[in-house]
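Bear in mind the structure is a predicted one, so any value in this text is a computation, not a measurement. What's counted below: heavy atoms across the whole structure, side chains too, no hydrogens, waters or symmetry copies. Just so it is clear: chains get the letters A, B, ... in the order the sequence lines come, proteins before strands, and each one is counted from 1.
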There are 2 protein chains.
Amino acid sequence: MKTDFRDIKQYIRRRIVAGDWAPGQLVPNEVDLAARFECARATVNRAMRELAEEGLVERRRKAGTRVRSTPLHRPRFEIPFVRKEVEALGSVYGYRLIDRAAGPAPDWLKAQFGLETDIRALHLVCLHLADSAPYQIEDRWISLAALPDAEDNDFSEIGPNEWLISVVPFSDAEISFSAIAADAEAAGRLGCAAGDALFLTERSTWWNGQAITYVRLISRPGHKVTARY
Amino acid sequence: MKTDFRDIKQYIRRRIVAGDWAPGQLVPNEVDLAARFECARATVNRAMRELAEEGLVERRRKAGTRVRSTPLHRPRFEIPFVRKEVEALGSVYGYRLIDRAAGPAPDWLKAQFGLETDIRALHLVCLHLADSAPYQIEDRWISLAALPDAEDNDFSEIGPNEWLISVVPFSDAEISFSAIAADAEAAGRLGCAAGDALFLTERSTWWNGQAITYVRLISRPGHKVTARY
DNA sequence: GGAGGCGATATGATCAGACATATCGCCGAT
DNA sequence: ATCGGCGATATGTCTGATCATATCGCCTCC
């Protein structure tokens, strides 16, 4: 049995969570730990690097490695696309296009995209269903400057999110969560009362520095996103 | 100039986002890439491992490395504690204890903690202020079975979150976000109208498998959490 | 006593080689 | 034709050594 870098991680983690090594305190250096575990420094380095990545310790050249004084909490949320999400609930997924219109992008959208110039955009409103009941409203704007092909697609069968993933699978994005009150329109589409508290996910997406799409996802009442860490 | 594992990452990332290597397709193996970059396989390995960690590629022994067919989106949210959050807004942080009561844990809390046995718990309700205006309600339950010391603290000056961080800095947690309507009580405390949509953060925390605390953080209207990826 | 320079030191990264291990796909037996 | 076993192969990890680099803290000079 060789020493595994995981053993070292676990050892260090245990000493930290047990309080043997207090927050702010220096952790033994790599050479000492390597000697203690009778392994190569590279192995200790891997262990420490991952612990730093996880936010448990903080490393600085020459200064050494120390236990974070205030632990970092950076939960990672898995964001599946709607169809997967619905299917994971054991429900049958359904999709309906509500509205589709191409035209000049409104000013707020240009601002959202960080643009000065006038561009055309495709505006789509769709409804995602779980077992025929409304699950989520997708209110999306696609830049026709960046993706002219979008205009050829009528989006009556497949949702714009799945189409986009097939066209630009990898991109940069900014995502945010908030709570909004249902307006009359959203309430009608989701089958809830106006004023109900709804969970809103907003996402702006770029590809090679160019704005691609902005979407507002309004989930049915009671929606919750969860992460463990 | 030596080859940097970052160069290799960037090269692979570029080929993928440019579409040269399509989703589902096999990426050249480590030995070939090492030869191509005239570097050690360990360097390529580091690059590929990190790309896998980032969700861009998927690796399996013998099967090789392939571009993820559906890209993984796992945004990481930074969750600072309230005081830092308020100060980051440039506001003056304030704290007020509203209610404090110790007693047997209610059934729903035992269920939340995954417990069968009866335990005592400390229930705290506090208000966090930004420039003297309500910012967030903290409704917290602390297991007195796990943290008997909590009962000695009156929490009139410092919030339970900061106290907890000083006592159990490192722990496992489950966090979730949702939207709720303000009830009369919350509306009164936050100075908004009953029925307003509010952003709710819930967190359950464990230490060494033992339930420590459960908290509901109800933020003032308009609250938003954001991440980039 | 304050500023600035410099050496010691801990981490950052790479290398070439080795062995471990999961598993894909072929081939032979049924 | 189908199943099971087995070898080839790509990744997983460790080693021990070397060079690079940020930076802490002391020492000197004014």
Side-chain angles (χ1 to χ4, degrees), chain A residues 1-16 20-72 74, chain B residues 1-16 20-72 74:
Chain A
M1 275 282 273
K2 277 280 183 60
T3 57
D4 190 327
F5 73 94
R6 270 167 275 259
D7 298 338
I8 302 176
K9 279 181 75 173
Q10 197 177 19
Y11 169 82
I12 298 173
R13 175 179 282 118
R14 260 213 278 267
R15 306 268 332 215
I16 292 176
D20 297 341
W21 295 340
Q25 191 181 320
L26 221 55
V27 166
N29 71 40
E30 295 189 353
V31 177
D32 293 349
L33 282 170
R36 196 182 182 303
F37 281 91
E38 297 181 319
C39 69
R41 187 167 77 89
T43 306
V44 175
N45 183 277
R46 167 109 189 241
M48 302 267 262
R49 185 153 34 82
E50 293 197 0
L51 287 171
E53 163 67 25
E54 289 167 27
L56 206 65
V57 299
E58 209 167 2
R59 317 191 76 196
R60 246 164 57 233
R61 276 189 190 175
K62 155 77 182 175
T65 302
R66 51 185 67 235
V67 181
R68 280 205 109 92
S69 44
T70 57
L72 256 191
R74 304 182 303 176
Chain B
M1 273 281 273
K2 276 280 182 65
T3 58
D4 190 328
F5 74 94
R6 271 166 275 258
D7 298 338
I8 302 176
K9 279 181 74 172
Q10 197 177 20
Y11 169 80
I12 298 172
R13 175 179 282 118
R14 260 212 280 266
R15 306 273 324 221
I16 291 176
D20 296 342
W21 296 339
Q25 192 180 319
L26 221 54
V27 166
N29 71 41
E30 296 188 353
V31 178
D32 292 349
L33 281 170
R36 195 181 183 304
F37 281 92
E38 298 180 318
C39 69
R41 187 169 74 89
T43 306
V44 176
N45 182 276
R46 167 108 189 243
M48 301 266 262
R49 186 152 35 82
E50 293 197 1
L51 287 171
E53 163 67 25
E54 289 168 28
L56 205 66
V57 299
E58 207 168 2
R59 318 191 76 195
R60 248 165 54 233
R61 276 189 187 173
K62 155 78 182 173
T65 302
R66 51 185 66 235
V67 181
R68 279 205 109 92
S69 43
T70 56
L72 256 192
R74 304 182 303 178

Visitor: For A/R41, which contact category applies under a 4.0 Å heavy-atom criterion: base, sugar-phosphate, or nothing?
Guide: base
Visitor: Quickly work out the B/E50 CD to D/dT13 P distance and round it to whole Å.
Guide: 14 Å
Visitor: Roughly how far, to the nearest 0.5 Å, is the OG1 atom of B/T3 from the CD atom of B/E38?
Guide: 8.5 Å
Visitor: Pick the closest DNA chain D nucleotide for A/F37 and for A/R61 by heavy atoms, then say which residue is nearer the 5' end.
Guide: A/F37
Visitor: Salt bridge between B/R46 and B/E50, side-chain N to carboxylate O under 4.0 Å?
Guide: yes
Visitor: Looking only at non-hydrogen atoms, find the nearest pair between B/A22 and B/V67 and report the distance.
Guide: O-CB, 3.5 Å
Visitor: Nearest 0.5 angstrom please: A/L33 CG to A/I8 CD1, how far?
Guide: 7.0 Å
Visitor: For B/R49 and D/dG12, what is the distance between atoms CZ and P respectively, to the nearest whole Å?
Guide: 8 Å
Visitor: Round to the nearest Å and state the distance from A/R60 atom CZ to D/dG25 atom C1'.
Guide: 13 Å
Visitor: Considering every strand and a 4.0 Å limit on heavy-atom distances, what is the contact class for A/R66: base, sugar-phosphate, or nothing?
Guide: nothing
Visitor: Nearest whole angstrom, please: distance from the P of D/dT13 to the CG of A/N45.
Guide: 14 Å
Visitor: Grab the CG-C1' distance between B/D32 and D/dT9 for me, whole Å please.
Guide: 12 Å
Visitor: Between A/T65 and C/dA10, is there a contact of a side-chain N or O with OP1 or OP2 at under 4.0 Å?
Guide: no
Visitor: Restricting to nitrogen or oxygen on both sides, can you table the protein-nucleotides 5-8 of chain C pairs closer than 3.5 Å?
Guide:
none

Visitor: State which residue, out of B/R59, B/R36, B/R49, fulfils the salt bridge (charged side-chain N to carboxylate O under 4.0 Å, His left out) condition with B/E30.
Guide: B/R59
Visitor: Would one find a side-chain N or O of B/R59 under 4.0 angstrom from OP1 or OP2 of D/dA10?
Guide: no
Visitor: Roughly how many Å is it from CD1 in B/I12 to P in D/dT11, rounded to a whole number?
Guide: 10 Å
Visitor: Nearest whole angstrom, please: distance from the P of C/dG12 to the CE of A/M48.
Guide: 9 Å
Visitor: How long is the line joining CD of A/E30 and C1' of C/dT14, in whole Å?
Guide: 14 Å
Visitor: Select base, sugar-phosphate, or nothing to describe what A/E38 touches, counting heavy atoms under 4.0 Å on all strands.
Guide: sugar-phosphate
Visitor: Between D/dA10, D/dC14, D/dG12, which nucleotide gets closest to the side-chain atoms of A/F5?
Guide: D/dC14
Visitor: Locate the shortest heavy-atom distance separating B/M48 from B/I12; write the atom from each residue and the value.
Guide: SD-CD1, 3.7 Å
Visitor: Look at the side-chain N and O atoms of B/T3 and state whether any lies under 4.0 Å from the OP1 or OP2 oxygen of C/dC15.
Guide: yes
Visitor: Checking A/D32 side chain against A/N29 main chain: does a donor-acceptor pair fall under 3.5 Å?
Guide: no
